[in-house]
Amino acid sequence: MMKNIEISSTTPTRIKVVLEGDLYVEEASELRERLLRQLDKGIYTIDIELGGLNYIDSSGLGVLIALHKRCTQKGGALTIKGVRGKIKELFELTRLNKVFDME
């Protein structure tokens, strides 16, 4: 279960998203909808903080990939930050660490 999805503006065209808890299909759908609304507003640069994330399933990864694609198509970027532990291993195993800008 997702403990928290926090979205805040850092600049007029950039947002920071902090995810905490477990990201399953239900939460992935909510995350997708909330971030697509931000893209509709013209915000194409997204920083996603995953330091508080304990688990992510394939639907969560799919949402991140789709959002990354949309951001780059619009000239923006999606950056993944704070990845650690099993989440980091998953990104390396799936080679998504080569797809995303990771800090």
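In this text the structure is predicted, and so the values were computed from the model without any measurement. Side chains included, hydrogens not; waters and symmetry mates left out as well; all remaining heavy atoms used.
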**All salt bridge (Lys or Arg N to Asp or Glu O under 4.0 Å) counterparts of R34, not counting sequence neighbours** =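 Result, salt bridge (Lys or Arg N to Asp or Glu O under 4.0 Å) vs R34: E30.
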
**Request:** Would you please name every residue forming a salt bridge (Lys or Arg N to Asp or Glu O under 4.0 Å) with E103, sequence neighbours left out?
**Result:**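 E103: salt bridge (Lys or Arg N to Asp or Glu O under 4.0 Å) contacts with K81.
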
**Prompt:** When Ile, Leu, Val, Met, Phe, Trp and Tyr are grouped by side-chain heavy atoms lying under 4.5 Å apart, directly or through other members, which residues fall in the same group as Y24?
**Reply:**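 Other cluster members: Y55.
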
Rounded to the nearest 0.5 Å, what separation is found between the [atom1] atom of [X] and the [atom2] atom of [Y]?
X: L39; Y: I46; atom1: CG; atom2: CD1; answer: 5.0 Å
X: N4; Y: L53; atom1: CG; atom2: CG; answer: 11.5 Å
X: L19; Y: K3; atom1: CG; atom2: NZ; answer: 13.0 Å
X: L50; Y: I80; atom1: CG; atom2: CD1; answer: 5.0 Å

**Prompt:** Pairs in or reaching into residues 36-50: which pass side chain to side chain donor-acceptor pair (under 3.5 Å), with residues at least two apart or in two chains?
**Reply:**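 Only R14-D47 qualify under side chain to side chain donor-acceptor pair (under 3.5 Å).
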
**Asked** Would L35 and I15 count as a side chain to side chain contact (heavy atoms under 4.5 Å, CB included) if you check the C-alpha gap in whole Å, the side-chain angles of each, and the deciding distance to 0.1 Å?
**Response** CA-CA 10 Å; L35 294 181; I15 58 171; 3.8 Å; yes

With a cut-off of 3.5 Å and sequence neighbours excluded, list every side-chain donor-acceptor pair involving residues 85-101.
{"residue": "T94", "atom": "OG1", "partner": "L90", "partner atom": "O", "Å": "2.8"}
{"residue": "T94", "atom": "OG1", "partner": "F91", "partner atom": "O", "Å": "3.4"}

Tell me which donor-acceptor pairs under 3.5 Å the side chains of residues 59-69 have, and how far apart each pair is, sequence neighbours excluded?
{"residue": "S59", "atom": "OG", "partner": "V25", "partner atom": "N", "Å": "3.4"}
{"residue": "S59", "atom": "OG", "partner": "D57", "partner atom": "OD1", "Å": "2.6"}
{"residue": "S59", "atom": "OG", "partner": "D57", "partner atom": "OD2", "Å": "3.3"}

